[in-house]
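See below for the structure under consideration.
Worth saying up front: this structure is predicted, and the values here are computed from it rather than measured. We use all heavy atoms of the structure for the numbers below, so side chains are in, but hydrogens, waters and symmetry mates are not. When a ligand or atom number is given, it counts from 1 through the structure's own listing order.
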Amino acid sequence: WAKADGKARWTLFDPERNEHRMTRQALARTLRQAVDRGEFVLDYQPLVALDTGRLRGVEALVRWEHPHFGRLAPNRFIGLAEEDGSIVPLGRWVLAESCRQARTWQQAHPDRSLVVSVNVAVRQVWDSDLVADVAAILRETGLPPRLLQLELTESAVMGSAGRPLQALHALDEMGVRIAIDDFGTGYSNLAYMSRLPVSALKLDGSFVQGFRSAEHPNPADETIVEALVELAHRLGLTVTAECVESAEQAERLRRIGCDTGQGWHWSRPVAAAAISDLLSA
Ligand code: C2E
Ligand code: MG
Ligand code: MG
Ligand code: MG
């Protein structure tokens, strides 16, 4: 009866939920100083050309090495950082650190043209001087602009009149690439995207996860991806598939004509040193 008793008490006081709330509050309190204290680190995940298997780029993914809670994934703190505005200094640090690292790789392997892809939050486009920050960071690090890609979500660019649109055009003129992240989860207005200075789509992981399998013998997702890739190519956009976890998925994507893939099939996000090893191998 211990279980039933436990259950009854849980409706009154859920220790797990309470702990989660307290953790959230503690994280929110310590977020602001965390950038200054240097508690964030970047992992990098390979983006691989599906036809040749070559490493084409890496996506920088932030983690928080919290002094009390240990290593935290971005879903634990990015939302909080957007709410309280600390995403602006955090995002600036991510950009600077990724560009510094990418420049190191470029100098060690000038023939590789490895692109570093950096996630940019909506608020960085609206509330900060993103264009000036990017220009200053490229100047200070010496990274060629074509080796930097910024990932924005559809919601960050949809209906983007005014400031975001100006920012996109200014970044494009600088030579920085723009990719639409998690494509397919929002409005997915390709006609609209094609009018923006966007050069790549990153198909949301849910598409690949819906590919044919024992559970989904007749998936619509594969047909949709095929049509999306064809349309994107006609509009001059390249396509990356996220969350590729198996050789079979990678092969299907290659046959469909998708350009690059990213996912556990090749590598989980890893420390910069592991990417350096890959480049030297
Ligand atoms: P995202 O930009 O769509 O990044 C891809 C996420 O998918 C990463 O999660 C990555 O670890 C995960 N992933 C990669 N391959 C696979 C796979 O094969 N299977 C599965 N199931 N997952 C895979 P992560 O690192 O936890 O990041 C989550 C999200 O947090 C990112 O989604 C991005 O929206 C956000 N994020 C990460 N770093 C930053 C950052 O520096 N700035 C901002 N604004 N957001 C960030
Ligand atoms: Mg991303
Ligand atoms: Mg994504
Ligand atoms: Mg995603």
Side-chain angles (χ1 to χ4, degrees), residues 31 34-35 39-48 50 57-65 71-102 115-128 130 133-134 137 148-157 164 177-186 188 198 200-211 213 238-250 252-253 258 260-272 274-275:
L31 195 52
V35 178
E39 290 174 0
F40 294 97
V41 293
L42 296 180
D43 274 352
Y44 297 88
Q45 188 177 33
L47 271 75
V48 177
L50 287 164
V58 290
E59 177 175 4
L61 294 158
V62 71
R63 281 86 179 83
W64 183 1
E65 299 280 6
R71 172 171 276 233
L72 300 174
N75 66 358
R76 302 287 301 278
F77 60 86
I78 290 289
L80 288 172
E82 294 216 45
E83 278 167 34
D84 81 350
S86 41
I87 193 70
V88 172
L90 171 57
R92 200 181 288 127
W93 176 81
V94 169
L95 261 170
E97 176 58 18
S98 321
C99 289
R100 189 200 58 72
Q101 182 59 64
V115 173
V116 70
S117 201
V118 179
N119 293 286
V120 172
V122 185
R123 224 170 142 158
Q124 282 177 273
V125 187
W126 279 99
D127 297 3
S128 76
L130 181 67
D133 287 346
V134 169
I137 288 167
L148 174 64
Q149 171 167 281
L150 301 181
E151 298 189 8
L152 289 105
T153 55
E154 292 172 68
S155 53
V157 297
R177 301 178 200 212
I178 311 283
I180 302 300
D181 203 355
D182 305 331
F183 188 79
T185 54
S188 307
V198 165
L201 298 181
K202 296 193 74 177
L203 290 184
D204 190 67
S206 55
F207 285 109
V208 173
Q209 281 165 350
F211 271 18
S213 62
T238 63
V239 184
T240 299
E242 297 188 318
C243 284
V244 182
E245 294 182 356
S246 72
E248 199 192 345
Q249 290 169 342
R252 288 212 179 126
L253 288 161
C258 191
T260 45
Q262 178 181 352
W264 299 344
H265 169 56
W266 294 280
S267 170
R268 301 220 171 205
V270 292
I275 299 292

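Using cut-offs of 30° and 60° on the angle between ring planes, the pair Phe40 and Phe77 is tilted.
Contacts with ligand 1 closer than 4.0 Å are made by no heavy atom of Gln262, backbone or side chain. Under 4.0 Å from ligand 1, not a single heavy atom of Lys202 appears.
Taking only non-hydrogen atoms, the option from Thr153, Leu42, Val62, Val208 nearest to atom 38 (N) of ligand 1 is Val62. The closest non-hydrogen atom to atom 17 (C) of ligand 1, taken over Phe40, Trp266, Trp264, comes from Trp264.
Heavy-atom separations between Asp181 and ligand 1 include at least one value shorter than 4.0 Å. Heavy atoms of Glu245 come nearer than 4.0 angstrom to ligand 1 in at least one pair. Using a 4.0 angstrom heavy-atom cutoff, Arg63 counts as in contact with ligand 1. Ligand 1 lies out of reach of Gly205, whose nearest heavy atom is not under 4.0 Å from it. Heavy-atom distances between Pro269 and ligand 1 reach below 4.0 Å in at least one pair.
For ligand 1, the atoms lying closer than 4.0 Å to a non-hydrogen atom of Gly263 are 15 (N), 18 (O).
When the side-chain hydrogen bond (donor to acceptor under 3.5 Å, both in side chains) test is applied to Ser267, no partner is found at least two apart in sequence or on another chain. Shown here are the side chain to side chain contact (heavy atoms under 4.5 Å, CB included) partners of Thr240, two or more places apart in sequence or in another chain: Leu47, Lys202, Thr260, Gln262. Residues forming a ring pair (Phe, Tyr, Trp, His ring centres under 6.0 Å) with Phe211 (at least two apart in sequence, or on another chain): none.
For the residue pair Glu245 and Trp264, no side-chain donor N or O sits within less than 3.5 Å of a side-chain acceptor on the partner.
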### Task
Could you give me the CA-CA distance, side-chain angles and deciding distance for Ser117 and Glu59, then say whether side-chain hydrogen bond (donor to acceptor under 3.5 Å, both in side chains) is met?
CA-CA 5 Å; Ser117 201; Glu59 177 175 4; 5.9 Å; no

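In terms of N/O distances under 3.5 Å, ligand 1 is approached by Glu59.
Counting only protein N, O or S atoms, 4 lie closer than 2.8 Å to the Mg ion (ligand 2).
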